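Have a look at the structure below before the remarks.
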There are 2 protein chains.
Amino acid sequence: MLKKKYTIADIAFMAGVSKGTVDRVIHKRGKVSKKAHEKITKILKEIDYQPNLVARNLKKNKIYRLLVLIPDPEKDAYWAPCVEGIETAAGEFQAFGVMIETFLFDPSATKSFISKSKEVLKNKPDGVVFVPLFYKEALTFVESCKKNNVTLATFNSYLSADNTRSFIGQDLHRSGRVAGKLMHMLLGNKKQAAVVHMDEAYKNAIHMQEKEKGFRDYFEGLKQGYDIVTHKVPHKDIKNVRKSVKDFLKDNPGISGIFVTTSKAYLLAEALPQTGPAVSVVGYDLIDKNIECLRSGSIDFLIHQNPKQQAYLGVSYLSEYFAFDKKIPDNKLLPIDIITSENYMHYLE
Amino acid sequence: MLKKKYTIADIAFMAGVSKGTVDRVIHKRGKVSKKAHEKITKILKEIDYQPNLVARNLKKNKIYRLLVLIPDPEKDAYWAPCVEGIETAAGEFQAFGVMIETFLFDPSATKSFISKSKEVLKNKPDGVVFVPLFYKEALTFVESCKKNNVTLATFNSYLSADNTRSFIGQDLHRSGRVAGKLMHMLLGNKKQAAVVHMDEAYKNAIHMQEKEKGFRDYFEGLKQGYDIVTHKVPHKDIKNVRKSVKDFLKDNPGISGIFVTTSKAYLLAEALPQTGPAVSVVGYDLIDKNIECLRSGSIDFLIHQNPKQQAYLGVSYLSEYFAFDKKIPDNKLLPIDIITSENYMHYLE
DNA sequence: TTGTAGGCGTTATCAT
DNA sequence: ATGATAACGCCTACAA
């Protein structure tokens, strides 16, 4: 019934050799006679030998140092769930000899990333999980890591020029299409909508463009003469959103729906006029203020990028690699979750 | 820097006792003097001792038998992803001494469940993950398992009378509300919608009722005079859906949206008249035929119950319990995923 | 080229 | 009540 798991000792006995020889065959270390090699390989195949990962790891007995480098949640609440995800993973893997530590950088300051990434390297990590927010600097960092034999995983932002590491994130173009689909439904028989980019000082530029492209592609595919206009709330105007939005709506009175390409949809929702025809809003990310707007009805849909899961998976992949020799998946695209006032709660954990 | 992990030997040395004594304290086996006990407990707290799970497991060296009992995907395609989820988990945990086997029953035949569940017990499992489709019979099975000291987890269907096992699934009432919200948006300024129950021969009765209740609750909360009618396609008419649906629409010409409470929305979508005013459809589950309808536009939204993840988690929870002594969560409500033609692909894995 | 011995951290047993 | 010791399966070092 419960067929006992074969051990190296079993195989050695069957082949009439010693454990050491079997081990040499398994690990292809050579120094084995042809005869013994053939015999052992045959047996290995026959019984479909699976090494006991637990025992293998017990012997290794090394503590791996896994460092995580992400934007500071204090500067942008979007990142707060990442910390949770990291801590969850840390709790799960510390028992398996993986020690995880988090470093935070200021997402609005490239310099902060540079200095923190140097600090990370100084700590001699075995692996690093990080968010490559700044393209050029991220590439430099990747190079340094390679030189130091540091295993890498990235999440949230895609570093297209380098495909040597694992990436966990979303298909942004596709998420723009999803926003398009939702907006399409919200518009009913109206035909005019807007894309609004509201970013902070740091560069989400590529992100926002990809999303807009997806959004527009969706409507173009419909071939029904939709009119999509783009508006960018300037960096410095982020404090004067109300005015910027009012002016924009005055200039484009026919707009019945707005797609905000960042997590700042709540700023826009708050700035919308209370009177006049309702304007539908689709935005990103389950931060508290956005959820409030979802509940009050001033935001219709949010797209969830699942930052917690992204961070959790990044850390888990590397941890499992260290602890259990598991292969690291190179690309993991998370689903594009659609959130309304009725289903947000289960995504908050 | 890398502060070494403390072992039982370290603690024994610090406390000036032997490893055996430390072990007795950790496992509360008694037979330890008050003095030694205090000293050791204090040290354990101070250093926040974390046992090495790998070593612990190595010592245990037992192969656990975990059996899974689910409906046969051949009889209902909804269950196919569960098999994948189970196989994924099986692959992950076999290296840790958990052997997983699946048993299938016919979801349309209570007898099949009874006989298969008996077969499962005959195999002397250490743990069982199963879908309690048939309420009474499931309770009986739970009792037998308890008697035989079999650890249990259930998924998909909630066994309210018994809260001694782990459950993974969805909040059905809430998912009805989500459907309500989506329908609300799809209706635009129309005011009449329908709930259609299309089940097969077996009893989804409780499921369908919960979903309908949530759906109606949502619209009642709006206080805007929506008119919701219910229609049930009789068991035997499942082959004559077209006629049943046509008659229903003829009797209720004002209906602009239909909520199908089972995975059979495609049957309804195919039966809708091609001419006349469009009817919006919201249904459940990412089975192939439903996805086809999503893509062609005859279904607007699907709610994803994530059967693969449900099965995967059920198996994982028990496996981790056996392999690593992890606590089993008692209740895991999965998010209610909203699916459109634009985002279904990432949910198929 | 091959075999043997010892150790990884935990736990169970047996003797003290 | 306590300590010494062997074992789990794998791997490495060293001896033959």
Side-chain angles (χ1 to χ4, degrees), chain A residues 2-41 43-44 47-64 93-98 322-325, chain B residues 2-41 43-44 47-64 94-98 322-326:
Chain A
L2 279 202
K3 61 172 185 281
K4 188 178 164 299
K5 255 191 153 181
Y6 290 100
T7 72
I8 287 190
D10 296 326
I11 295 162
F13 175 76
M14 289 190 264
V17 297
S18 78
K19 298 194 288 173
T21 309
V22 176
D23 184 71
R24 274 177 285 255
V25 171
I26 290 174
H27 293 287
K28 300 171 191 180
R29 294 195 227 281
K31 310 200 175 187
V32 179
S33 69
K34 218 183 259 177
K35 220 174 94 184
H37 189 278
E38 275 168 22
K39 203 167 190 176
I40 293 171
T41 329
I43 295 179
L44 286 176
I47 63 169
D48 183 31
Y49 171 70
Q50 302 285 358
N52 182 330
L53 294 190
V54 172
R56 178 174 287 177
N57 265 102
L58 174 61
K59 180 61 190 189
K60 276 216 295 243
N61 189 36
K62 171 170 163 48
I63 293 191
Y64 294 93
F93 288 100
Q94 60 130 319
F96 296 104
V98 183
F322 290 131
F324 307 128
D325 288 322
Chain B
L2 280 202
K3 61 172 186 283
K4 186 178 164 302
K5 256 193 150 181
Y6 289 101
T7 72
I8 288 192
D10 297 325
I11 296 160
F13 176 77
M14 289 189 263
V17 297
S18 78
K19 297 192 291 172
T21 308
V22 176
D23 183 69
R24 275 177 283 253
V25 171
I26 290 173
H27 293 286
K28 298 173 193 178
R29 296 196 226 279
K31 309 198 176 189
V32 179
S33 69
K34 218 180 264 177
K35 222 173 94 186
H37 190 279
E38 276 168 20
K39 203 167 190 175
I40 294 171
T41 330
I43 296 179
L44 286 176
I47 63 169
D48 183 29
Y49 169 70
Q50 303 286 356
N52 182 328
L53 296 190
V54 172
R56 175 174 289 175
N57 194 263
L58 174 62
K59 181 60 192 180
K60 275 214 297 240
N61 186 36
K62 174 170 160 44
I63 293 191
Y64 294 93
Q94 59 129 322
F96 296 103
V98 182
F322 290 131
F324 308 127
D325 287 324
K326 257 212 193 174

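The figures that follow rest on heavy atoms only: side chains count, while hydrogens, waters and symmetry mates do not. Labels below follow one simple rule: chain letters A, B, ... track the order of the sequence lines, proteins then strands, and each chain is numbered from 1. What you see is a predicted model; the values in this text were computed from it and never measured.
Per the geometry, NZ belonging to B:K34 stands 18 Å off C1' belonging to D:dT2, to the nearest Å. Between B:Q50 atom CD and C:dT10 atom P the separation is 11 Å, expressed in whole Å. Between the C1' atom of D:dC14 and the NZ atom of A:K31 lies a distance of 12 Å, rounded to the nearest Å. Taking atom CG on A:D10 and atom C1' on D:dC8, their separation rounds to 13 Å, with Å as the unit. Across the protein-nucleic acid pair, B:F96 atom CZ and D:dG9 atom P stand 16 Å apart, rounded to whole Å. Nucleotide D:dC11 holds its C1' atom 14 Å from the CD1 atom of A:I11, rounded to whole Å. Rounded to whole Å, atom P of C:dC8 lies 14 Å from atom CD1 of A:I63.
Within the 4.0 angstrom heavy-atom criterion, only backbone atoms of the sugar-phosphate kind lie near A:Y49; the bases stay farther away. Within 4.0 Å (heavy atoms only), A:I8 reaches sugar-phosphate atoms of the nucleic acid but no base atom.
Between A:F96 and A:F324, the angle of the ring planes goes over 60°, which puts this pair in the perpendicular group of the 30/60° scheme.
Taking CZ of B:F13 as the start and CD1 of B:I43 as the end, the distance is 10.5 Å to the nearest 0.5 Å. Of the inter-residue distances, the one linking A:D23 atom CG with A:I26 atom CD1 reads 6.0 Å to the nearest 0.5 angstrom. Taking NZ of B:K39 as the start and CD1 of B:I11 as the end, the distance is 14.0 Å to the nearest 0.5 Å.
Of the candidates B:T7, B:D10, B:V17, B:V17 is the only one forming a side chain to side chain contact (heavy atoms under 4.5 Å, CB included) with B:V22.
Distance from the side chain of B:A55 is smallest for C:dT10 among the nucleotides C:dT10, D:dC10, D:dG9. In this structure, of C:dT10, D:dC11, C:dT1, it is C:dT1 that holds the atom nearest to the side chain of A:S33. Of all nucleotides listed (D:dG9, D:dT2, D:dC11), D:dC11 comes nearest to the side chain of A:K19. The side chain of A:V32 lies closest to C:dT2 when the candidates are C:dT2, D:dT2, D:dT5. Comparing C:dG3, D:dG3, D:dC10 against the side chain of B:V17 picks out D:dG3 as the nearest.
Taking 4.0 angstrom as the limit, B:R56 places a side-chain polar atom (N or O) nearer than this to OP1 or OP2 of C:dT11. Taking only side-chain nitrogens and oxygens, A:T7 never comes nearer than 4.0 Å to OP1 or OP2 of D:dC8.
At a threshold of 4.5 Å between non-hydrogen side-chain atoms, the residues B:I40 and B:R24 do not count as touching.
The side chain to side chain contact (heavy atoms under 4.5 Å, CB included) search around B:E38 returns B:K34, not counting sequence neighbours.
Scanning residues 22-30 of chain A for heavy-atom distances under 4.0 Å to DNA chain C yields A:R24.
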